[in-house]
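What follows is a single structure, written as structure tokens, with notes after it.
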Amino acid sequence: MGVTKDIMKMQKENNCILVTAMVVAAGISRGNLKYLVEKGLLEKSAHGVYILPGFWDNEIFNLQSRLKKVYFLMKLLCS
């Protein structure tokens, strides 16, 4: 149960977003993420990105989480 607590703590410290690279860097197996998804404790939002169940899913944020060197500029249209 210690690994599960560690993963959930990492996620909460990262604004409820968890990236596979974070887990691997902490020395935790990727298989633990699959286990937590199967148990309903995490949802896979995108490739390598996990969120809490019911957490708002944002595609731009998912991309930014995985692609650290890419910046997205958004144009807001005002009428």
Side-chain angles (χ1 to χ4, degrees):
M1 192 64 165
V3 173
T4 298
K5 287 182 181 180
D6 292 343
I7 291 173
M8 300 309 280
K9 181 180 176 187
M10 278 191 285
Q11 185 178 39
K12 288 181 182 175
E13 290 172 351
N14 197 44
N15 298 319
C16 296
I17 302 291
L18 187 67
V19 182
T20 303
M22 293 168 52
V23 173
V24 172
I28 301 172
S29 170
R30 297 169 190 233
N32 289 299
L33 293 173
K34 183 178 178 184
Y35 172 79
L36 293 175
V37 169
E38 290 172 354
K39 292 295 180 185
L41 296 173
L42 292 177
E43 287 181 2
K44 188 169 183 175
S45 176
H47 179 74
V49 180
Y50 297 85
I51 60 174
L52 292 174
F55 188 72
W56 181 59
D57 192 12
N58 183 324
E59 291 181 29
I60 298 294
F61 188 80
N62 289 342
L63 286 171
Q64 189 69 50
S65 295
R66 292 185 301 148
L67 307 171
K68 295 294 183 188
K69 294 184 180 182
V70 176
Y71 297 94
F72 295 93
L73 300 175
M74 298 175 62
K75 181 179 178 182
L76 299 176
L77 301 175
C78 300
S79 51

Of the non-hydrogen atoms in Pro53 and Gly40, which two are nearest, and what is the gap between them?
CG-O, 3.2 Å

Distance (rounded to the nearest 0.5 Å) between Met10 CE and Glu13 CD:
8.5 Å

Please examine the side chains of Met8 and Leu18, heavy atoms only from C-beta on, and report whether any two atoms are closer than 4.5 Å.
no

Test applied, side-chain contact (heavy atoms from CB on, under 4.5 Å); reference residue, Leu41; option that passes from Leu52, Thr4, Ile7
Thr4

Show which side-chain atoms of residues 21-37 pair as donor or acceptor with protein atoms under 3.5 Å away, not counting sequence neighbours.
{"residue": "Ser29", "atom": "OG", "partner": "Gly31", "partner atom": "N", "Å": "3.1"}
{"residue": "Asn32", "atom": "ND2", "partner": "Ser29", "partner atom": "O", "Å": "3.2"}

The reported gap from CG in Leu42 to CD1 in Ile51 (rounded to nearest 0.5 angstrom) is 9.0 Å

Distance, nearest 0.5 Å, that separates CD1 of Ile17 from CD of Gln11:
7.5 Å

